[in-house]
Structures are given as structure tokens and as C-alpha cells.
Asks: 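First the structure, which I've put down as C-alpha cells, then a few questions once you've had a look.
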Amino acid sequence: MGRERQEELERIAEFLAARNEPITIIVIGGTAKALFGLPRRTLDIDAEIACSDEAYAGLQSFLAAHKIPANIGENISQWGTIPLPQGYRERAVEILRKGSVSIKLLDPADYVFSKLARGTEIDEQDALDVCAAKRIKPDAVRNRLGLVRLPKDPETRFFLERVERFLKRLEQAVP
């Protein structure tokens with residue numbers, strides 16, 4: 001990601017700050033991994049936003065006009081079948097503030113679940129990398145799993161299988 005995504009986040013915050021309304025953005029995905037200080041090439045900024053409809057429409061126009069690749073939407077916990085652990089918004093850490101705009105970074109343990117919910121091999125490796133860098137132990141992942149409201153859905157079984165597989169890999173990498 002390097003400096004480019006950081007600069008784009010700063011430009012987004014500046015643009016939104018001119019609206020003079022409280023806006024919160026929570027960065028996830030490859031951009032979050034890079035902001036954790038880990039190498040990760042990513043093509044876009046993935047994030048959750050809490051704002052008015054007008055601010056969102058303005059942001060979409062701003063992103064298009066400045067050719068900033070982004071996937072920013074409401075409620076990242078509902079982007080897939082498996083939600084993020086309850087309280088993820090409160091655990092997110094502010095990394096940038098411009099006026100009434102707060103840009104936050106998803107908590108590392110919640111990041112693990114965002115990756116496991118998606119479930120690709122790259123996502124699992126990203127989660128392992130973050131666990132190693134942030135010293136997240138298997139028990140911490142198990143405890144955070146208790147905050148996930150698992151839906152009555154066939155995907156839940158596959159998700160739990162991914163979590164168990166991940167925990168075995170994590171126990172070997174970060175005992």
C-alpha cells in the first residue's frame with residue numbers, strides 16, 4: 001500500500017470534513033493490513049462509513065472524480081453471511097481525525113474475523129500475518145468468536161470449519 005493509500009485516506013477525510021457533519025470510517029481489508037504495518041498490495045480501500053445520504057453521494061462522486069479505488073459502504077458486518085464480532089465499532093482505533101471526520105482502523109482480532117468470513121487462502125494468510133505481528137493467541141480468537149452472532153445458515157458450518165482450520169495453523173505459528 002505504501003504512502004499512496006494513506007494519502008488517499010487523508011484526501012477523503014479532508015473532503016468529508018468540509019461537510020461539517022460527524023462521519024466515521026472504519027478501514028478494513030488489505031488497506032487495514034498495511035496500516036497494521038504489514039506488507040500488503042491492495043487495489044482499493046475497503047471501509048465502512050457512517051454518514052448522511054448526501055455525504056455518501058458526495059463521497060462517491062469525489063472518489064470517481066479523483067480515481068480513488070474504493071469499496072466503502074454501510075455496515076461491513078452485513079457484507080457477508082457471517083457478521084463481525086459484536087462491538088467491533090467500539091474497538092476500532094482512530095488513526096486520523098479531520099474536523100468531525102474520524103477514520104478508524106478495525107481492531108486486529110476483529111480483522112481476523114473479517115478475513116475468515118471471506119475465507120480465501122490469501123485472507124487466511126493475512127489473518128495469520130496479523131495474529132503473528134500483533135501477538136494474537138488462539139485463545140483470544142476463540143474468545144472473540146463468542147461475540148459473533150452466528151446465523152442459522154449453511155454458511156455457518158463452513159465458517160466454523162474455517163475457524164477451526166485457522167486455529168490449528170495459528171497454534172503452530174503463534175503458540
Side-chain angles (χ1 to χ4, degrees), residues 1-80 82-136 140-141 144 147-148:
M1 178 186 94
R3 187 78 191 129
E4 183 180 2
R5 293 289 175 254
Q6 179 73 30
E7 289 172 2
E8 289 169 343
L9 287 171
E10 290 172 9
R11 290 171 62 201
I12 289 168
E14 274 184 38
F15 169 77
L16 291 172
R19 302 195 68 82
N20 203 23
E21 74 174 77
I23 296 173
T24 302
I25 294 174
I26 301 175
V27 179
I28 64 171
T31 301
K33 185 178 178 191
L35 291 170
F36 290 137
L38 298 168
R40 177 65 150 82
R41 288 196 51 86
T42 184
L43 301 176
D44 63 0
I45 296 170
D46 294 318
E48 174 181 279
I49 189 167
C51 65
S52 67
D53 292 345
E54 294 79 20
Y56 186 73
L59 174 62
Q60 293 304 308
S61 295
F62 175 82
L63 294 170
H66 292 87
K67 295 181 175 45
I68 298 174
N71 184 20
I72 300 175
E74 284 185 309
N75 199 351
I76 54 176
S77 191
Q78 292 181 346
W79 285 10
I82 305 298
L84 289 176
Q86 295 174 31
Y88 72 91
R89 289 183 182 105
E90 293 75 21
R91 288 185 297 274
V93 176
E94 186 173 77
I95 58 169
L96 176 63
R97 176 166 284 279
K98 296 262 187 195
S100 60
V101 176
S102 175
I103 296 186
K104 297 182 174 187
L105 182 58
L106 194 64
D107 174 83
D110 292 326
Y111 174 87
V112 168
F113 283 91
S114 73
K115 291 302 195 167
L116 293 178
R118 189 158 176 252
T120 69
E121 181 61 33
I122 292 170
D123 290 317
E124 189 172 320
Q125 187 59 55
D126 285 348
L128 282 170
D129 293 345
V130 168
C131 284
K134 299 297 180 180
R135 296 183 175 97
I136 299 171
V141 174
R144 193 60 56 93
L147 297 176
V148 178

Asks: Any side-chain heavy atom of Q6 sitting closer than 4.5 Å to one from L35?
Replies: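 The answer is yes; the side chains approach within 4.5 Å.
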
Asks: May I have all residue pairs that pass side chain to side chain donor-acceptor pair (under 3.5 Å) and include part of residues 56-65, sequence neighbours excluded?
Replies: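 Sorted pair list: Y56-Q60.
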
Asks: Mind checking side-chain contact (heavy atoms from CB on, under 4.5 Å) for E54 and listing every partner two or more places apart, or none if nothing turns up?
Replies: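 E54 satisfies side-chain contact (heavy atoms from CB on, under 4.5 Å) with R19, S52 only.
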
Asks: For residues L9 and L96, report the shortest heavy-atom separation together with the two atoms involved.
Replies: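 Closest approach of L9 to L96: O-CD2, 3.9 Å.
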
Asks: With a 4.5 Å heavy-atom cut-off, do V112 and K115 have their side chains touching?
Replies: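 Side chain of V112 against side chain of K115, heavy atoms only: no contact under 4.5 Å found.
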
Asks: Can you name the closest pair of heavy atoms from V141 and F113 and give their distance?
Replies: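 Distance-wise, the nearest heavy atoms are O-CZ, 3.4 Å.
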
Asks: Can any side-chain N or O of S100 pair as donor or acceptor with the backbone N or O of N20 at less than 3.5 Å?
Replies: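 Side chain of S100 to backbone of N20: no pair is present.
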
Asks: Does atom CZ of R11 have more than 12 heavy-atom neighbours from other groups under 6.0 Å away?
Replies: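 Buried by this count: over 12 neighbours within 6.0 Å.
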
Asks: Apply salt bridge (Lys or Arg N to Asp or Glu O under 4.0 Å) to K134 and list each qualifying residue two or more places apart in sequence or on a separate chain.
Replies: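 Scan of K134 (salt bridge (Lys or Arg N to Asp or Glu O under 4.0 Å), adjacent residues dropped) gives none.
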
Asks: Go through the structure and list residues passing salt bridge (Lys or Arg N to Asp or Glu O under 4.0 Å) with R97, not counting sequence neighbours.
Replies: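 Residues passing salt bridge (Lys or Arg N to Asp or Glu O under 4.0 Å) with R97: E94.
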
Asks: Measure across D46 and G29 and return the closest heavy-atom pair with its distance rounded to 0.1 Å.
Replies: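 What the structure gives for the nearest pair is OD2-CA, 4.2 Å.
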
Asks: Taking atom CD1 of I25 and atom CD1 of I72, what is their separation to the nearest 0.5 Å?
Replies: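 One finds 5.5 Å between CD1 of I25 and CD1 of I72.
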
Asks: Taking R118 for its side chain and E124 for its backbone only, find out whether a donor-acceptor pair lies under 3.5 Å.
Replies: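 Side chain of R118 to backbone of E124, a donor-acceptor pair under 3.5 Å: no, none is there.
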
Asks: Can you tell if the side chain of E48 reaches within under 4.5 Å of the side chain of I28, non-hydrogen atoms only?
Replies: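 Heavy-atom side-chain distance check fails, nothing below 4.5 Å.
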
Asks: Between atom CG of D44 and atom OG1 of T31, what is the distance when rounded to the nearest 0.5 Å?
Replies: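 Those atoms lie 6.5 Å apart.
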
Asks: If I compare all heavy atoms of I49 with all of L16, which pair ends up nearest, and what's the gap?
Replies: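 Residues I49 and L16, closest heavy atoms: CD1-CD1, 4.2 Å.
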
Asks: Would you say the rings of F36 and Y111 are close, in the sense that their centroids are separated by under 6.0 Å?
Replies: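 For Y111 and F36, the ring centres are under 6.0 Å apart.
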
Asks: I want to check something: taking the side chain as every heavy atom from C-beta on, are D126 and I122 in contact at a cut-off of under 4.5 Å?
Replies: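 They are in side-chain contact.
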
Asks: Which atom pair, heavy atoms only, marks the closest approach of C51 to I23?
Replies: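 Where C51 meets I23 most closely, the heavy atoms are CB-CG1, 3.8 Å.
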
Asks: Listed by chain and number, what are the salt bridge (Lys or Arg N to Asp or Glu O under 4.0 Å) partners of D107, not counting sequence neighbours?
Replies: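 For D107, the residues satisfying salt bridge (Lys or Arg N to Asp or Glu O under 4.0 Å) (neighbours in sequence not counted) are R144.
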
Asks: What are the two closest non-hydrogen atoms of V148 and P83, and how far apart are they?
Replies: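 Answer, listing the atom of V148 first, then P83: CG1-O, 3.5 Å.
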
Asks: Please indicate whether E74 has more than 12 foreign heavy atoms, meaning atoms of other residues, nucleotides or ligands, lying under 6.0 Å from its CD.
Replies: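 No, not enclosed.
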
Asks: Does the side chain of N75 reach to within under 4.5 Å of the side chain of R89, using non-hydrogen atoms?
Replies: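 Contact flag for N75/R89 side chains = yes.
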
Asks: Listed by chain and number, what are the salt bridge (Lys or Arg N to Asp or Glu O under 4.0 Å) partners of D129, not counting sequence neighbours?
Replies: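 By the salt bridge (Lys or Arg N to Asp or Glu O under 4.0 Å) rule, D129 matches K33.
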
